[in-house]
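Each remark here refers to the structure printed beneath this line.
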Amino acid sequence: MSHTVYWHNQGVRKHEGGEADAWGKYHALGGGWAKCIVSDGAILAQYGSRDWEGRCLGQAIKDGKLGIPSVTSVVWHAFADGAKREDSKDPMEAAIKYGALGKDMAKLLIIDGVIREEYGHEEPKLAALGGLVQ
């Protein structure tokens with residue numbers, strides 16, 4: 001069973017290995033970095049500030065190590081305010097919200113758990129995406 005450790009150090013980094021190896025890496029990182037360890041689609045442990053930890057979790061989602069919840073949602077990163085999320089029952093309402101956010105922030109449109117549109121710089125998009133599973 002493969003385990004993956006993600007941490008943020010001038011960008012999201014990752015280490016894949018067996019259970020003992022991955023836990024060793026996770027603990028060796030100490031408390032200086034936002035980090036998470038995932039395996040079999042589950043978050044086993046996480047540590048750090050919401051924004052930086054969200055970037056790690058967002059990368060795990062992008063890598064297919066974690067799934068996107070089956071939601072219709074718009075997630076965005078409003079630089080001064082961090083990651084935000086607005087769920088909707090109607091995909092059209094979500095699409096309207098996505099468009100209304102403009103081009104001043106990183107954002108993703110999720111319809112039934114699938115990324116349909118995304119815009120912006122990668123790191124803030126990762127933080128917004130990671131907010132779906134925090």
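Residues: numbered from 1 along the sequence shown. Hydrogens, waters and symmetry mates are skipped; everything else that's a heavy atom, side chains included, is used.
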Between Trp23 and Tyr26, what is the ring plane arrangement, given parallel below 30°, perpendicular above 60°, and tilted in between?
perpendicular
How far apart are the C-alpha atoms of Lys125 and Leu108, what are their side-chain angles, what is the distance that settles it, and do they pass the side-chain contact (heavy atoms from CB on, under 4.5 Å) test?
CA-CA 7 Å; Lys125 282 193 305 188; Leu108 298 99; 4.1 Å; yes
Does one hydrophobic cluster hold both Tyr119 and Ile111, with members joined at side-chain heavy-atom distances below 4.5 Å?
yes
Any side-chain heavy-atom pair from Arg116 and Val114 closer than 4.5 angstrom?
yes
Please assess Leu44 against Val38 for the test side-chain contact (heavy atoms from CB on, under 4.5 Å), listing each intermediate value before the final yes or no.
CA-CA 5 Å; Leu44 304 179; Val38 299; 5.9 Å; no
State plainly whether one hydrophobic cluster holds both Val75 and Val133, where clusters connect Ile, Leu, Val, Met, Phe, Trp and Tyr through side-chain heavy atoms under 4.5 angstrom apart.
yes
Rounded to the nearest 0.5 Å, what separation is found between the CD1 atom of Ile43 and the SG atom of Cys56?
11.0 Å
Are any non-hydrogen side-chain atoms of His8 and Trp33 less than 4.5 angstrom apart?
no
Value for CG (Leu29) from CZ (Arg13), rounded to nearest 0.5 Å, stands at 12.0 Å
Work out which heavy atom in Gly67 is nearest to a heavy atom in Ile61; give both atom names and the distance.
O-CG1, 4.4 Å
In Thr4, Leu126, Leu129, the residue satisfying side-chain contact (heavy atoms from CB on, under 4.5 Å) with Gln59 is Leu126
Here the gap from Arg55 atom CZ to Arg50 atom CZ, rounded to the nearest 0.5 Å, amounts to 13.0 Å
Donor-acceptor contact present, side-chain Asp90 to main-chain Met92, <3.5 Å:
yes
Side-chain contact, heavy-atom cut-off 4.5 Å: Leu66 with Leu57?
yes
Is any side-chain heavy atom of Met105 less than 4.5 Å from a side-chain heavy atom of His121?
no
Minimum heavy-atom distance Ala127-His77, with the two atoms named:
CB-CD2, 3.6 Å
Does any N or O in the side chain of Lys14 come within less than 3.5 Å of the main-chain N or O of Val5, such that one atom is a donor and the other an acceptor?
no
Leu101 and Val74: CA distance, side-chain angles, deciding distance, side-chain contact (heavy atoms from CB on, under 4.5 Å) verdict
CA-CA 10 Å; Leu101 288 171; Val74 177; 3.7 Å; yes
Where do Glu86 and Trp76 land on the side-chain contact (heavy atoms from CB on, under 4.5 Å) test, with the steps shown first?
CA-CA 9 Å; Glu86 186 174 304; Trp76 67 95; 3.9 Å; yes
Non-hydrogen atoms of Lys25 and Trp7 that approach each other most closely
CE-CH2, 3.4 Å
Rounded to the nearest 0.5 Å, what's the gap from OG1 on Thr72 to CG on Asp112? Could you check?
4.0 Å
CD (Glu53) and SG (Cys36) are apart, to the nearest 0.5 Å, by 7.0 Å
Distance from Gln134 atom CD to Asp51 atom CG, nearest 0.5 Å?
8.5 Å
Pi-cation contact, Tyr6 with Lys35 (under 6.0 Å, within 45°):
no
Going through the distances and angles, do Lys62 and Glu118 end up as a salt bridge (charged side-chain N to carboxylate O under 4.0 Å, His left out)?
CA-CA 12 Å; Lys62 284 278 190 168; Glu118 59 183 283; 2.9 Å; yes
Taking all atoms of both residues into account, what is the closest heavy-atom pair of Ser39 and Ser2, and its distance?
OG-O, 3.0 Å
Looking at every non-hydrogen atom in both residues, tell me the closest pair between Arg85 and Val71 and how far apart they are.
NH2-CG1, 3.7 Å
What one should report as the nearest heavy-atom pair of Ser73 and Asp87 is OG-OD1, 2.9 Å
Between the side chains of Asp21 and His3, is a donor N or O closer than 3.5 angstrom to an acceptor N or O?
no
